[in-house]
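First comes the structure, then the notes that go with it.
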Amino acid sequence: MSSSSSAIWHSLKQLVLPQSCVVCHALLLPNMQHICLNCIADLPEAPPYVVGNETEQALLGRFYYNYAYSWLLYQSGGIAQKMMSELKYRGNSAMGVYMGKQLARKMKEYQLPYEHALVMPVPLNDKKLIKRGYNQSAIIAEAMAEDLQIKMANENILRIKNTETQTAKNREERLHNMMQAFELRNGNKIEGKQIILVDDVLTTGATIEACAKVLLKVPGVQVAVVTVARALR
Ligand SMILES: [Zn+2]
C-alpha cells in the first residue's frame, strides 16, 4: 500500500470507527489513544512514588508489603471517579486497558520491582461478577501484566465465597469476616512468589488487607499493592 492510500485507509477507519476520549468523549486525534490531551492535563495524579507515600501509610502496620502505590487521587465527582464509572458501570473496557498500561508505565518510571512477580486482581464476589459481567480490576491487571510482560496468577487461586454478610462489631471482627470470605485454592502454586495485588480504588483498604493476609499465609509469598486511585479522606 502506498503512503497516500494507507493514509486514506486510516481516515476511512477513523470515519467508520471514530475513537473518542474515554473521559469526555471528544474525538481523538489519529495519534492519540483512549484519552484526550485536555483530560490528560487534568488527571489528578498522586505525587511520584516514594517509600512511605500515603498509600503505604494507609496500609502501614496492617500487613507486610514490599511497596504500595496509587496513581491517581479519587474524589467524588472528580475525573478519576468519571474514569472508574466508565469502566465499572458502562462496560468501557478500553478505560481499564488504559489504566493498566498507565500503572505499568508508572511502575517502570519509579523502578518498582516486578520482574519475577505475578499479577493478581482483587477478586469480585460472584453476585457482583454476574451483575456486571466482568471484574474491572482484572481488566486493569491484565493490561498491566501484558505491558510489564509478566504473568497473571491463576484466577482460581483466590476467590470470594458467597457468604451472608455478618454483622460485625468492630474493625477486627470485620477483617476476620472478610478473611473468612476469601477462599485460597492451590496456594502451593504461588509459594515463594511475589504477588502484585491490583485494585481500582483504595478506600479503607479493608479488602486489600484481607486479600493480602490470606495470600501471606502461603510460605514465601510477598505482596505488593498497586491501585489506579486512592480515595482522598
Ligand atoms: Zn477528554
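Atoms within each ligand, like the ligands themselves, are counted from 1 in listed order.
A donor-acceptor contact closer than 3.5 angstrom is absent between the side chains of Asp199 and Thr227. Donor-acceptor pairing under 3.5 Å is lacking for the side chains of Gln136 and Tyr89.
More than 12 heavy atoms of other residues, nucleotides or ligands shown are found within 6.0 angstrom of NE2 on His25. The number of heavy atoms from other shown groups lying within 6.0 Å of CD (Gln111) does not exceed 12.
Listed by chain and number, the protein N, O or S atoms at a distance under 2.8 Å from the Zn ion (ligand 1) are Cys21 SG, Cys24 SG, Cys36 SG, Cys39 SG.
Of the options Ile195, Leu59, Val122, a side-chain contact (heavy atoms from CB on, under 4.5 Å) to Val225 is made by Leu59 and by none of the others.
Applying the ring-ring contact (aromatic ring centres under 6.0 Å, His included) criterion to Tyr110, with sequence neighbours excluded, gives Tyr69.
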